[in-house]
Amino acid sequence: MVFGEHASEALRVASCESGRSTTASNGGTYLGMFQMGPYARAKYGHSHTALGQARAAYQYFVDSGKTWGPWSCKP
């Protein structure tokens with residue numbers, strides 16, 4: 001819904017980064033389904049819902065030229 005034609009890629013990235021868990025944390029620095037760090041959360045927002053986290057990650061994805069460069073996991 002949020003990532004449109006990139007939805008299957010986003011699901012693979014979220015699965016790899018967090019197991020698609022909205023409460024995932026690597027000890028506090030990276031949080032959520034897409035394991036966004038403090039800079040990205042401050043710029044794009046953070047939510048406790050899957051929809052909110054996906055919207056923030058999508059904006060980051062768009063600002064990154066629609067690449068998965070900012071993420072460790074790739075689709």
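Of all non-hydrogen atoms in Met33 and Ser18, the two that sit nearest each other are O-OG, 2.8 Å.
When the side chain to side chain contact (heavy atoms under 4.5 Å, CB included) test is applied to Thr49, the partners found at least two apart in sequence or on another chain are Ser47, Leu51. Residues satisfying the ring-ring contact (aromatic ring centres under 6.0 Å, His included) criterion with Tyr58, sequence neighbours excluded, are Phe3. For Tyr30, the side chain to side chain contact (heavy atoms under 4.5 Å, CB included) criterion is met by Asn26, Gln35, not counting sequence neighbours. Residues passing the side chain to side chain donor-acceptor pair (under 3.5 Å) test with Ser25, sequence neighbours excluded: none. The side chain to side chain contact (heavy atoms under 4.5 Å, CB included) search around Ser64 returns Tyr60, Thr67, Pro70, not counting sequence neighbours. For Arg20, the side chain to side chain donor-acceptor pair (under 3.5 Å) criterion is met by Ser15, not counting sequence neighbours.
Here the side chains of Ser72 and Glu17 are in contact, with some heavy-atom distance below 4.5 Å. Using a 4.5 Å heavy-atom threshold, the side chains of Trp68 and Lys74 count as touching.
Looking at Gln53, its side chain never comes within 3.5 Å of a backbone N or O of Phe34 through a donor-acceptor pair.
For residues 17-75, every residue pair satisfying the disulfide (SG to SG under 2.5 Å) rule, not counting sequence neighbours, is listed here: Cys16-Cys73. Among residues at least two apart or in separate chains, there is no disulfide (SG to SG under 2.5 Å) pair with a member in residues 24-67. Annotation: disulfide (SG to SG under 2.5 Å) contacts involving residues 29-63, sequence neighbours excluded, are absent.
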Expected list for residues 36-46: side-chain donor-acceptor pairs under 3.5 angstrom, two or more places apart:
{"unit_1": "Arg41", "atom_1": "NH1", "unit_2": "Thr29", "atom_2": "O", "d": "2.8"}
{"unit_1": "Arg41", "atom_1": "NH1", "unit_2": "Met36", "atom_2": "O", "d": "2.7"}
{"unit_1": "Tyr44", "atom_1": "OH", "unit_2": "Asp63", "atom_2": "OD2", "d": "2.9"}

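No path of Ile, Leu, Val, Met, Phe, Trp and Tyr side chains, each step under 4.5 Å between heavy atoms, connects Val2 with Leu11, placing them in separate hydrophobic clusters.
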